[in-house]
Each structure stands twice: as C-alpha cells, then as structure tokens.
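Just below is one structure, and these are the notes that go with it.
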Amino acid sequence: MTSNFNTGSRRHFARAAAALALSTAALVAAAPAAMAAENKPVRFILVGDSTMASNSGYGDALCARISRSDTCINLAKGGRSSGSFRAEGRWDEVQGLLRGSAAYRATYVLIQFGHNDQPGKPGRSTDLATEFPANMARYAREVKALGGVPVLVTPLTRRTFKNGALENNLLPWADAIRKVAAQEGAPLLELNAKSHAAVQAMGQDEADTLAVVPRPADYLAPAVLPGSVPAAASGANAAAATEPQGAAKTAFDRTHVGAKGAAYFARMVEAEMKAVIPAVAGQFRAEGQQ
C-alpha cells in the first residue's frame with residue numbers, strides 16, 4: 001500500500017507541477033502584451049459648443065491640464081447644438097477618430113450641449129422633451145459601439161444675476177442630460193450644478209472677471225437673457241437672446257469665458273472627472289505644470 005500511495009502521490013505532484021509550469025508560461029507570455037496595453041496613452045475628445053470651444057470656452061485649458069504623454073483633442077465648436085453638430089458632419093470626425101482607438105488604452109469623449117438647444121435659435125434649437133435627450137443618448141451609444149467611453153457633461157452656467165440671485169435657465173437641459181446618463185450607464189460630470197454654485201458664491205462683479213473681455217463701464221445686461229426668449233419676443237429682444245453661430249462674440253458677455261474663466265472651469269471639470277472616473281486621476285499634470 002505504501003508503494004501504491006507513493007506512486008499516486010508522485011503522479012499527482014507531477015500533474016500539478018505541469019499545470020503550474022503551463023500557467024507560469026502563459027503568464028510570462030501575456031506579460032508583454034499587458035505591459036504594452038498599460039503603456040498606451042489615454043485619449044480625450046471634447047465635443048460641445050462655445051462654452052467648451054477654443055477661444056471662448058474651457059476646453060483648451062482642460063487639454064492643457066492633461067499629461068503630455070496622453071492626447072486631448074478639442075472639437076467643440078461655437079454655436080452648435082446637439083442637433084446641428086451632427087447635421088454639419090462634425091460627429092463624423094469623432095467617429096473616425098474612435099475607429100483608431102486601438103492605439104490608446106482608453107478614449108473618453110466628453111459631450112456637452114444645451115446652450116444652443118434652447119429656444120429661439122433657428123436651425124439649432126431642439127425639442128427638450130424628445131429631440132435633445134434622443135440626441136444625447138445616440139451620441140453615448142455610438143461612442144460605446146466604437147469602443148470609447150462617453151462622458152456626458154451638464155452645460156456650463158451663464159453668469160447673469162437678478163436681484164442678487166444667479167439665474168439658471170439651463171437647468172432643464174442639465175436635468176435631461178442627467179436622465180440620459182443614468183439611462184445609458186454613462187459617467188456624468190455635474191458641471192452645471194457645480195459652476196452655478198461657484199458663480200453664485202462669487203457674486204456678479206467677481207463673476208464678470210471670468211468673461212472674454214473686461215466689463216465695460218457703461219455695460220447694461222440685455223433685457224432678455226440667452227435661452228429665455230418669450231413666445232412674443234421679436235426684434236432687439238430676440239436678437240439679444242440669441243447666441244451667435246460660429247465664433248463667440250468679441251464683446252463682453254456673461255456666457256463665454258476668457259483665460260481666467262477657462263482656467264477656473266477647467267480645474268472644476270478635472271476635479272469632477274477624477275471623482276467620477278478614478279481611472280483618469282493619473283492622466284493630469286501636477287498643479288503648476290500646465
């Protein structure tokens with residue numbers, strides 16, 4: 001019996017040793033591939049309107065905060081809505097970039113619309129109850145289908161106070177984006193809520209220092225805020241309520257941001273990304289290295 005036991009034990013240990021050798025060989029073979037994947041850069045693609053675009057939004061300042069070993073592409077464009085961005089063929093470029101995702105460890109597509117989806121913007125406005133959420137959901141699904149990670153961003157607040165309180169006529173669009181993010185299982189950056197609270201705490205005078213140009217001494221706020229066009233609005237009121245298509249206005253306004261505002265809100269978006277998507281925390285430069 002002793003001999004049989006020893007023979008069985010030897011066979012058991014031989015099989016175990018063979019299995020261990022095979023596992024070790026597999027791990028050794030997989031290690032270079034795993035290391036190669038880990039060493040790939042991360043890519044960020046920004047999609048949105050003028051409050052994210054170059055020269056009028058925070059997008060370039062956010063890209064400047066991304067590590068030099070990674071890639072950040074700001075495709076946001078002034079005056080675009082969730083509908084017109086696609087209708088103009090701009091989304092085709094995003095999809096083309098996503099088809100080349102194999103070169104990256106991950107591609108995050110930040111998508112922020114709302115300003116130009118509001119009423120009173122011919123060729124851009126979308127229906128809040130149906131078209132806008134459908135557009136945002138479609139963007140999220142198409143990013144996922146092409147191997148990217150959609151990151152939905154609620155719209156940056158405007159900065160006009162009335163009687164000491166900061167208005168937020170973008171809240172319904174922010175709410176719609178929140179619902180889409182939950183429905184699609186997409187990460188959500190609460191830029192609208194965070195920026196509104198921060199600007200409210202600043203007050204009008206400090207908030208005005210975030211604009212593209214200094215506030216003129218004789219500045220008077222428009223009678224009707226952008227995105228708040230009443231049904232009967234016409235003429236000057238309608239014009240005052242309509243944000244431009246294309247490049248941001250060069251005059252002072254309380255929607256677009258200059259260098260100070262861009263840096264301020266870029267830091268806010270970075271903090272939100274780190275909190276919501278911990279995997280990207282290491283992809284940003286240390287403070288002072290931007």
Side-chain angles (χ1 to χ4, degrees), residues 43-66 72-95 97-98 107-118 121 123-126 128 131-140 142-143 148-159 170 173-174 176-178 180-181 184 186-196 212 226-227 243-249 253 255-257 261-270 272-273 276-277:
R43 182 170 57 172
F44 300 86
I45 301 173
L46 311 187
V47 174
D49 55 36
S50 59
T51 61
M52 182 189 264
S54 300
N55 304 316
S56 59
Y58 65 84
D60 287 357
L62 179 64
C63 283
R65 303 184 70 82
I66 303 286
C72 185
I73 305 169
N74 187 2
L75 297 181
K77 188 71 174 177
R80 274 58 185 183
S81 69
S82 68
S84 66
F85 192 89
R86 182 187 293 275
E88 293 178 5
R90 296 180 183 278
W91 185 247
D92 295 342
E93 182 177 358
V94 179
Q95 291 180 302
L97 289 169
L98 284 169
T107 295
Y108 297 92
V109 184
L110 278 66
I111 306 167
Q112 179 204 289
F113 288 108
H115 282 259
N116 298 297
D117 288 87
Q118 292 183 302
K121 299 170 184 177
R124 297 178 281 167
S125 298
T126 61
L128 175 60
E131 190 179 2
F132 179 68
N135 289 345
M136 297 300 288
R138 185 179 174 190
Y139 284 135
E142 290 178 354
V143 170
V149 180
V151 181
L152 301 188
V153 187
T154 56
L156 181 68
T157 189
R158 295 190 176 95
R159 304 184 303 281
L170 286 157
W173 284 264
I177 293 170
R178 293 181 186 113
V180 172
E184 299 299 327
L188 174 73
L189 304 188
E190 285 281 11
L191 181 57
N192 183 260
K194 294 291 176 67
S195 62
H196 183 271
V212 177
E243 290 173 328
Q245 174 80 357
K249 293 176 287 187
D253 67 46
T255 296
H256 305 102
V257 294
Y264 182 85
F265 292 119
R267 285 194 294 272
M268 183 176 289
V269 173
E270 175 187 342
E272 269 290 279
M273 290 186 69
V276 174
I277 315 171

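Smallest separation of non-hydrogen atoms from Ala53 and Ala76: CB-O, 3.5 Å. In terms of heavy atoms, Arg124 sits closest to Gly79 at CD-O, 2.8 Å. For Ser84 against Gly123, the heavy-atom pair with the smallest separation is CB-O, 4.0 Å. Nearest heavy-atom pair, Gly57 versus Ala262, reported as atom, atom and distance to 0.1 Å: O-CB, 3.5 Å. Heavy atoms only, all atoms of each residue included: Pro150 and Pro187 are closest at O-CD, 3.0 Å.
Proximity of Tyr108 to Arg43: side-chain heavy atoms (C-beta onward) are nowhere separated by under 4.5 Å. By the 4.5 Å heavy-atom criterion applied to side chains, Val257 and Arg159 are counted as neighbours. Side-chain contact between Met273 and Arg65: absent, with no pair of heavy atoms (C-beta onward) separated by less than 4.5 Å. Between Pro155 and Thr51, the closest side-chain pair of non-hydrogen atoms is not below 4.5 Å. Side-chain contact between His115 and Thr255 is present, with heavy atoms from C-beta onward closer than 4.5 Å. Taking 4.5 Å as the limit, some side-chain heavy atom of Tyr58 sits within range of a side-chain heavy atom of Leu191. Contact check for Leu110 versus Val269: side-chain heavy atoms found under the 4.5 Å cut-off. Here the side chains of Glu184 and Leu152 are not in contact, with every heavy-atom distance at 4.5 Å or above.
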Run the numbers on Leu97 and Leu75 for side-chain contact (heavy atoms from CB on, under 4.5 Å), then give the verdict.
CA-CA 11 Å; Leu97 289 169; Leu75 297 181; 3.9 Å; yes
Test Phe113 against Asn135 for side-chain contact (heavy atoms from CB on, under 4.5 Å), laying out the working first.
CA-CA 10 Å; Phe113 288 108; Asn135 289 345; over 6 Å; no
Test Phe132 against Val180 for side-chain contact (heavy atoms from CB on, under 4.5 Å), laying out the working first.
CA-CA 10 Å; Phe132 179 68; Val180 172; over 6 Å; no
Step by step, would you call Glu88 with Lys77 a side-chain contact (heavy atoms from CB on, under 4.5 Å)?
CA-CA 11 Å; Glu88 293 178 5; Lys77 188 71 174 177; 5.5 Å; no
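Going from atom CG of Asn116 over to atom OG of Ser81 covers 6.5 Å, rounded to the nearest 0.5 Å. With rounding to the nearest 0.5 Å, the separation of CG in Asn192 from CG in Leu189 is 12.5 Å. The structure places CE of Met52 at 7.5 Å from CG of Leu62, a figure rounded to the nearest 0.5 Å. Taken to the nearest 0.5 Å, the CG atom of Asp60 stands 5.0 Å off from the CG atom of Asn74. Rounding to the nearest 0.5 Å places CG of Asp117 at 8.0 Å from CE of Met136. A distance of 11.0 Å separates NE2 in His256 from CG in Asn55, rounded to the nearest 0.5 Å.
Applying the side-chain contact (heavy atoms from CB on, under 4.5 Å) test between Ile177 and each of Val153, Ile111, Thr154, Leu170 identifies Thr154 as the sole match.
For CD of Glu93, the number of neighbouring non-hydrogen atoms (other residues, nucleotides, ligands) closer than 6.0 Å is 12 at most.
The backbone N or O of Gly78 sits less than 3.5 Å from a side-chain atom of Arg80, completing a donor-acceptor pair. A donor-acceptor pair is defined here as one N or O able to donate and one able to accept, closer than 3.5 Å; no such pair exists between the side chain of Ser195 and the backbone of Leu156.
Using cut-offs of 30° and 60° on the angle between ring planes, the pair Phe85 and Tyr139 is perpendicular.
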